[in-house]
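Worksheet for the structure shown next.
Chain identifiers are assigned alphabetically (A, B, ...) following the order of the sequence lines, protein sequences preceding nucleic acid strands; residue numbering begins at 1 within each chain.
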Protein chains: 2
Amino acid sequence: MDTIGFEQHDHKSCVQGALSAVEAQCAAHKLQFTPVRRRVLEILLSEHRAMGAYEILDVLRDEGLGSQPPVAYRALDFLVSHRFAHKVERLNAFIACTHPGQTHTPAFLICRNCDAVAEAHAEPTRGILGKAADEAGFAIEQAVVEAVGLCPNCREGHPACA
Amino acid sequence: MDTIGFEQHDHKSCVQGALSAVEAQCAAHKLQFTPVRRRVLEILLSEHRAMGAYEILDVLRDEGLGSQPPVAYRALDFLVSHRFAHKVERLNAFIACTHPGQTHTPAFLICRNCDAVAEAHAEPTRGILGKAADEAGFAIEQAVVEAVGLCPNCREGHPACA
DNA sequence: TGCTGATGCGTTATGATATTACATACAATG
DNA sequence: CATTGTATGTAATATCATAACGCATCAGCA
């Protein structure tokens, strides 16, 4: 399972591993990992890309798991608030966390050509930004770091990219 | 004029200075700084906060400068693409650049209590993220860095905050 | 002058994203 | 079994954004 998500990997075990990890987390913290929530996470994990809420909703609807926007948004809120998934603000889309359970500040590398998204780490409270925040007296609680550019495949005109 | 925007400052001269700088930039690059574009920038500068496109449109409409969404969005596109303003993805809102003309990667400190936004600098291609991108073969072209937290005024229960 | 192309604006319509509000289901608990 | 809290179902609506078309203006030029 890769943290930097542009390479090939064993997708099936990657999905399974993440699901198990989330299950364990939910059990440990007495969170209700309901069918809808589970299914939404599975969809995100198996697609392994950023998906819009309505795109997820389409899948749920086909499966009879819900048909109105709040169903998808509520499940996504649960996943995002417990950090099992993240919202990519730049795309107004959601993506499964590639390392659930570990505390981290996710940072995303978003390909402007094929929309592939890889999750990396950032440490916004360090470096220039953290210094500026300190000086301003601003208390950073959470950060969104999203870099837009070209993924390795698209840089080489790889067929994997649409 | 402050770069970290939570403190008091000479607002009038701050607005004037930014407008002059943008005017000069437009003249130098043969960009059309039309009445609508100018007015939208003035609105953003004078409010000194992140505003939604429709909020800006309301002002334009009252002034007879345009009444339909594309008018506001086109002006904002112009301002954003030339970096005279920035989009705050987290808020789906726009804010005037506090130092137009200087090349920079803007980073925002967003107060979750009063929605005040300060612009700081970031250097996403350095640090952990830059390293991860390099290793992944990802070419960062542009980055969104937005930190959510509490501004100094709200930390102290300052009356300036709603 | 009159043509032509480029750019910006006006307007209608629609698409895409997200939330409010209220009703219902259902499991855990006393 | 009544109560409570959490999750879900559904209708309606709010909010954010763009497509597509036509017109106005203006610069460059024959």
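- Considering only side-chain N and O atoms, B/Ser67 lies nowhere under 4.0 angstrom from the phosphate OP1 or OP2 of C/dG10.
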Show the distances under 3.5 angstrom between N or O atoms of the protein and N or O atoms of nucleotides 24-28 of chain D.
none

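- If you measure from atom CZ of B/Arg90 to atom P of C/dA18, you get 12 Å, rounded to the nearest angstrom.
- One can place CG of A/Asp77 at 16 Å from P of C/dT17, the figure rounded to the nearest angstrom.
- Side-chain atoms of A/Glu119 and A/His86 form a donor-acceptor pair, as typed in the model, at a separation below 3.5 Å.
- Whole-Å rounding puts the B/Leu91 CG to D/dC16 P distance at 10 Å.
- For the OP1/OP2 pair of C/dC9 and a distance below 4.0 Å, the side-chain nitrogens and oxygens of B/Thr34 include at least one atom meeting the criterion.
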Side chains of residues 30-38 of chain A: which donor-acceptor partners sit under 3.5 Å, not counting sequence neighbours?
| residue | atom | partner | partner atom | Å |
| --- | --- | --- | --- | --- |
| A/Thr34 | OG1 | A/Arg37 | N | 3.4 |
| A/Arg37 | NH1 | A/Gln32 | O | 2.8 |
| A/Arg38 | NE | A/Glu42 | OE2 | 3.1 |
| A/Arg38 | NH1 | A/Glu23 | OE2 | 2.4 |
| A/Arg38 | NH2 | A/Glu23 | OE2 | 3.0 |

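- Residues B/Leu91 and B/Val144 fall into different hydrophobic clusters, defined by Ile, Leu, Val, Met, Phe, Trp and Tyr side chains chained together at heavy-atom separations under 4.5 Å.
- Ion pairing between B/Glu55 and B/Arg49 holds under the 4.0 Å rule for side-chain N and carboxylate O.
- Residues B/Gln32 and B/Gln68 each lie close to DNA chain C; by heavy-atom proximity, the contact nearer the 5' end of the strand is made by B/Gln32.
- Counting only heavy atoms from C-beta outward, the side chains of A/Leu76 and A/Val40 approach each other to under 4.5 Å.
- Phosphate proximity of C/dG8 to B/Arg37: present, with a side-chain N or O under 4.0 Å from OP1 or OP2.
- Between B/Asn92 and D/dT15 there is no side-chain polar atom (N or O) within less than 4.0 angstrom of OP1 or OP2.
- A/Lys87 places its NZ atom 16 Å from the P atom of C/dA16, with the value rounded to the nearest Å.
- Here the C1' atom of nucleotide C/dG8 and the CZ atom of B/Arg38 are 17 Å apart, to the nearest Å.
- Distance from the side chain of B/Arg74 is smallest for C/dT11 among the nucleotides D/dT8, C/dA18, C/dT11.
- Residue-level contact check: B/Lys30 touches neither bases nor backbone, having no heavy atom under 4.0 Å from any strand.
- Phosphate contact (OP1/OP2 of D/dT18, side-chain N/O of B/Tyr73, threshold under 4.0 Å): absent.
- Under a 3.5 Å cut-off, the side chain of A/His11 and the backbone N or O of A/Ser46 do form a donor-acceptor pair.
- Residues of residues 50-65 of chain A having a heavy atom closer than 4.0 Å to DNA chain D, listed by number: A/Leu65.
- Side-chain atoms of B/Arg83 never come within 3.5 Å of backbone atoms of B/Cys97 as a donor-acceptor pair (strictly under, hydrogens ignored).
- Distance, B/Glu89 CD to D/dC16 P: 13 Å, rounded to whole Å.
- Counting only distance, with no hydrogens or angles, the side chain of A/Glu146 and the backbone of A/Leu109 share no donor-acceptor pair below 3.5 Å.
- For A/Asp58 and A/Arg61, the salt-bridge test passes: some basic side-chain N is under 4.0 Å from an acidic carboxylate O.
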